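Naming convention: chains lettered A, B, ... in sequence-line order (proteins, then strands); numbering from 1 in each chain. All of these numbers come straight from a predicted model, not from anything done at the bench.
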Amino acid sequence: MSLLELRKLNKHFGGLHVTNAVDLTLEPGEIHCLIGPNGAGKSTLFRLILGEHHPGSGEILFAGENITALKSFARIHRGLSVKFQVPGVFKGLSVRQNLEIALQSRHRGAELEAEIGRLLGFLGLESEQAQTAGNLSHGQKQWLEIGMAISLKPRLLLLDEPTAGMSPEETRMTGEMVQRLNADGMTVLAIEHDMAFVRQVAQRVTVLHLGQVFAQGSIDEIVADERVAAIYLGQAHA
Amino acid sequence: MTGFFSLFRRLEGPQTVGRGRAFWGLFAIVLAVALAYPLFSDGYTVGNTVYFFVWVFIALSLCLIWGYGGSLSFGQTAFFGIAGYGYGVLTLNFGAAYGFTLVAFVAAVAIAALFAVLLGYFMFFGRIAGVFLGIVTLAVTLMLERFMAQTAGPEWHIGAARLNGFNGMSAMPPLTIPWPGEPIVLFADVGLYYFVLGLLVFVYLALRILMNSSFGNVIVAIRENPERAEMLGYDVRKYQLITFVIGAALAGISGVLYTAWGQYITPSSMGMTAAALPLIWVAVGGRSDLTSTVVGTLVVLAAFQALTIYGSQYALVFMGVLLVLTVLIAPNGLVLGAMNWLGRLAARLTQRAG
Ligand SMILES: Nc1ncnc2c1ncn2[C@@H]1O[C@H](COP(=O)(O)OP(=O)(O)OP(=O)(O)O)[C@@H](O)[C@H]1O
Ligand SMILES: [Mg+2]
């Protein structure tokens, strides 16, 4: 059984057809990258999967269950987790408290403290733990939010441009982290503009253009596809 | 047993200013002074001091909903009024015997909380947030004021209790504690003082524990970023509703105590001025901290009353100036700003000593 199945998802914002009959299937254990020009509807597709937006028509199946009508928090309980495009950390709270809030529903007491410490180490944020999250650098905020997202131990992790604002070195480290999580059984769907990252991690790639699935295949097939190159070039000229 | 002790550990935490021996030592001294104070004062002055204490609960309700939760409610006076009138109606009908005033206290607060469940459900699940939440809650309290103001006619009564329109309801019995021999009637002097002081200390400590618990974590998380909180699996609307209902109950406690204190309540207790004042106390003190809210409310109320002697127009101007100063100097509150400054100073001193 596939882990996530999107069936003919349609979403309009006024006259704008943001996602147009999108079909997408994720198999358990894969790393799937979603690419496409700015405004293609990638982030909107995430918000549909998460229940922040509701599709005009179509269905969302997660592990065989129809979750189209579920509230967002209930979808998280089913095993979804997300890192948003714009880092969504709790800016006014300390780094430590950010992680505590993410972890407190699964751990208590000494176990919670240990888990926070472990995650701080994993993210390389030990020396920043008392710092207010709003004062972190953009890259550190990204890491913190990724840390909060993975702390839920989701079955499917959604990453919206996880490496934006990161150095090539940090990008590579993020890629390795994603691969490590994947090796432990986590399925990953990542939106990314950074082709080095896509090449590093993606087992399958879907191209979204004007709200439609434009192409799908391995990274080599996608890169070789002249039609895909044309939409990116077309955008660059526009 | 360990659960019990871990409760006490929650008295300190990231959501409340003040920790360690210095803070709790000061707390003990202030409490001792407050306990001894009636011995060195007369009944009238003590009764007047209780009046200040009465308002702290509604200030704490706003601290919880607005300061911690991030939802600005402009209508906490609605719950104040409902509980106040509720206490009046219940006690005017059933009297004060057999400790009934205490039952009426709890019941009136429960009615206010129940009303908050309905209003809160409509608002939070109808996704009314931000400035609209302020508008809706203000509209509710003003509507209640208007409604009660037109109940002057004799047809407006609940059992034996006449609502009395703009003049308000009066002559309800004070809080009365049943006692073998003779019941203790808490008139607005020493008796009521100790009762309210005890309640205040209990509520203050209980809220400290609540806000430093995992529940409090979720509440401030929602203030900081509701979307992220939801995406960590928290049912944001449910948490907002619970906070709103707890806040309503706190405002209701103020309402009952006020009614029992003066043995009267009028519709203007739900009017525009009444609704705006708690906002000023809480903003000036420091809305995102319990201690700052308590201290700020008491100081502003005392200053307000001291100035009223020279004319209430000066007192209102003073409030305005205070609010402007707060916004300019310490947007998070004057008391909170001062406490943080003291904390940093103490840290620097201990560092130098150590
Ligand atoms: N809440 C909204 N209301 C109206 N229009 C929206 C809304 N959210 C997104 N859009 C529009 O929908 C289109 C798709 O937006 P979306 O954010 O999904 O694109 P994207 O593929 O993630 O782009 P990017 O690569 O720039 O992040 C854009 O034209 C955007 O302006
Ligand atoms: Mg996007």
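In this structure, B/E224 contributes its side chain and A/G92 its backbone to a donor-acceptor pair below 3.5 Å. In this structure a side-chain-to-backbone donor-acceptor pair under 3.5 Å is missing from A/N10 to A/S57.
Judged by distance alone, the side chains of A/H53 and A/T44 never bring a donor and an acceptor atom under 3.5 Å apart. B/Q240 and B/T243 form no side-chain donor-acceptor contact under 3.5 Å, judged by distance and modelled atom types alone. At a cut-off of 3.5 Å, with distance as the only test, a side-chain donor of B/T291 or B/Y204 sits close to an acceptor on the other residue. In this model, a donor atom of one side chain and an acceptor atom of the other lie less than 3.5 Å apart for A/E100 and B/N217. No hydrogens or angles considered: a donor-acceptor pair under 3.5 Å links the side chains of B/T16 and B/N212.
Contact record, B/F74 with B/L279: CE1-CD2, 4.1 Å, taken as the closest heavy-atom pair. Shortest non-hydrogen contact noted between A/F90 and B/N225 is CE2-O, 3.5 Å. Taking every heavy atom of both residues into account, B/I209 and B/L11 meet most closely at CG1-CD2, 3.7 Å.
Checked against the 6.0 Å centroid threshold, A/F84 and A/F46 do not count as a close aromatic pair.
Within residues 64-75 of chain A, the residues having any heavy atom under 4.5 Å from a heavy atom of chain B are, by residue number, A/K71, A/S72, A/F73. Near-neighbour residues of residues 131-162 of chain A relative to chain B, defined by a heavy atom under 4.5 Å from a heavy atom of that chain, comprise A/E145, A/M148, A/L152. Among the residues in residues 101-117 of chain A, those with a non-hydrogen atom closer than 4.5 angstrom to a non-hydrogen atom of chain B are A/I101, A/A102, A/Q104, A/S105, A/R108.
Per-residue heavy-atom pair counts under 4.5 Å with chain A were compared for B/R228, B/R223, B/Q15, and the maximum is reached by B/R228.
Only the side chain of A/R47 comes within contact range of chain B, with heavy atoms under 4.5 Å apart.
Inter-residue side-chain proximity for A/V198 and A/V205 is flagged as met; some heavy-atom pair is nearer than 4.5 Å.
Residues passing the side chain to side chain contact (heavy atoms under 4.5 Å, CB included) test with B/W341, sequence neighbours excluded: B/R344, B/L345.
Taking the six-membered ring where the residue is Trp, B/F244 and B/F79 present perpendicular rings, their angle passing 60° and hence far from 30°.
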